[in-house]
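Quick note on labels: first sequence line is chain A, next is B, and so on, each numbered from 1.
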Number of protein chains: 2
Amino acid sequence: MQSDLYNIGQAAKASGISAKMIRHYEEVGLLPAASRTLSGYRTYNHQDVHMLRFIRHSRDLGFSIKQIADLLSLWRDKNRASSKVKSLAAEHIEMLNKKIEELSAMKSELSRLVSCCHGDGRPDCPILDSLSSE
Amino acid sequence: MQSDLYNIGQAAKASGISAKMIRHYEEVGLLPAASRTLSGYRTYNHQDVHMLRFIRHSRDLGFSIKQIADLLSLWRDKNRASSKVKSLAAEHIEMLNKKIEELSAMKSELSRLVSCCHGDGRPDCPILDSLSSE
DNA sequence: TTAGACCTTACCATCATGGCAAGGTCAAGC
DNA sequence: GCTTGACCTTGCCATGATGGTAAGGTCTAA
């Protein structure tokens with residue numbers, strides 16, 4: 001029966017990835033080219049939708065498309081070493097950490113400046129003073 | 001004398017903004033069109049370089065070009081109310097906070113998964129299991 | 001048969017930045 | 001005066017993940 005076939009809109013709803021992005025992932029090679037109906041519509045089966053969900057979960061954790069491609073190939077490889085997955089994830093945690101630290105540094109410096117600024121109708125402002133300093 | 005005139009490379013060095021980005025900022029209207037020599041080279045004076053440094057400091061704090069444009073106009077307005085600067089900065093802190101929280105959520109979820117994964121030669125892996133779950 | 005919801009491809013935009021290519025300019029050394 | 005190398009100019013392309021829009025084909029239900 002056909003009931004386990006999805007068109008792109010249904011696959012999008014089922015996976016939480018927009019139709020736009022599903023096409024994009026196919027174009028950049030993250031997904032294999034989808035099967036097509038005679039009229040050219042892409043079709044997806046349960047397996048495909050399962051893969052789309054995998055991709056969405058990975059994106060939700062901030063993995064890049066390149067990293068997701070690696071995760072997918074590990075996922076498909078039933079003889080993988082879990083250490084490879086773990087190190088990939090650990091690498092990503094490192095990157096998240098780096099970004100968090102960068103943003104936190106910005107935030108604390110800016111918070112410091114904001115707390116120094118009286119913030120009333122007068123023009124003098126330590127924030128601008130700091131931005132224009134040498 | 002000419003000694004207070006910089007060409008784009010010198011202005012780049014003095015401000016810490018690449019020549020490429022200086023041209024870009026001019027193109028998108030963050031900077032006024034630079035003066036030119038007869039042969040078409042852009043020239044910058046101390047004032048200009050001061051403004052470039054202001055922009056770099058703002059970028060270092062993560063402000064967007066749009067926000068920097070607002071900061072610049074407040075900087076130039078000697079009758080500004082410091083409250084406007086402060087609220088602009090506070091808004092940006094909010095955005096930084098939001099991003100930090102997003103990244104932190106990713107990090108803690110991923111850390112949890114990583115700590116569950118034995119990470120040896122065996123194929124079973126809670127990280128992949130989680131990514132492929134419903 | 002027709003309307004409306006859906007699909008297709010092909011562009012353009014975001015945001016900040018880098019790279020490259022082809023060509024003009026300038027300064028220093030011979 | 002000429003050459004060389006460093007610098008400048010513009011213009012185009014690329015990133016990464018996503019959204020938008022437009023023009024046109026398809027499917028389904030009434």
Going by the rule side chain to side chain donor-acceptor pair (under 3.5 Å), which residues pair with A/Ser111 if we only count those two or more places apart in sequence or in a different chain? none
For residues 92-103 of chain A, which side-chain donor-acceptor pairs fall under 3.5 Å, sequence neighbours excluded?
from	atom 1	to	atom 2	distance (Å)
A/His92	NE2	A/Leu61	O	2.8
A/His92	NE2	A/Gly62	O	3.3
A/Asn97	OD1	B/Lys107	NZ	2.9

Taking CG from A/Leu61 and P from D/dA17, how many angstroms apart are they, rounded to a whole number? 14 Å
List in chain and number order the residues that pass side chain to side chain donor-acceptor pair (under 3.5 Å) with A/Thr43, two or more places apart in sequence or in another chain; answer none if no residue qualifies. none
For the pair B/Tyr25 and B/Ile22, evaluate side chain to side chain contact (heavy atoms under 4.5 Å, CB included) and give the outcome as yes or no after the intermediate values. CA-CA 5 Å; B/Tyr25 290 157; B/Ile22 295 177; 5.5 Å; no
Length of the line joining A/Ile55:CD1 and D/dA17:P, which is rounded to integer Å: 12 Å
Produce a footprint string for nucleotides 8-18 of chain C: one letter per nucleotide, 5' end first; B if the base is under 4.0 Å from any protein heavy atom, S if only the sugar-phosphate is, - if neither. BBBB----SBB
Whole-Å distance between D/dT18 P and A/Leu30 CG? 11 Å
Which donor-acceptor pairs under 3.5 Å do the side chains of residues 26-36 of chain B make with protein atoms, sequence neighbours left out?
from	atom 1	to	atom 2	distance (Å)
B/Glu26	OE1	B/Arg42	NE	3.0
B/Arg36	NH1	B/Gly40	O	2.9

Nucleotides 21-23 of chain C: which of its N/O atoms have a protein N/O under 3.5 Å away?
none

Rounded to whole Å, CD of B/Gln10 lies from C1' of D/dA6 at a distance of 12 Å
To the nearest Å, how far apart are A/Ile17 CD1 and D/dT18 C1'? 12 Å
Whole-Å distance separating the CD1 atom of B/Ile22 from the P atom of D/dC7: 14 Å
Would you list the pairs meeting salt bridge (charged side-chain N to carboxylate O under 4.0 Å, His left out) in which at least one residue belongs to residues 49-74 of chain B, sequence neighbours left out? A/Glu134-B/Arg53, B/Arg56-B/Asp60, B/Lys66-B/Asp70
Taking atom P of D/dC27 as reference, at what distance in whole Å does atom CG of A/Leu5 sit? 14 Å
What is the distance, to the nearest angstrom, from the CD atom on A/Glu26 to the C1' atom on D/dT18? 17 Å
So, for A/Leu88 and A/Leu74, which heavy atoms are closest and what is the spacing to 0.1 Å? CD1-CD1, 4.1 Å
Return each pair, listed once, that meets salt bridge (charged side-chain N to carboxylate O under 4.0 Å, His left out) where at least one residue sits in residues 116-130 of chain A; pairs must be two or more places apart or across chains. A/Asp120-A/Arg122
Give me each pair satisfying salt bridge (charged side-chain N to carboxylate O under 4.0 Å, His left out) with a member in residues 82-92 of chain A, each pair once, sequence neighbours excluded. none
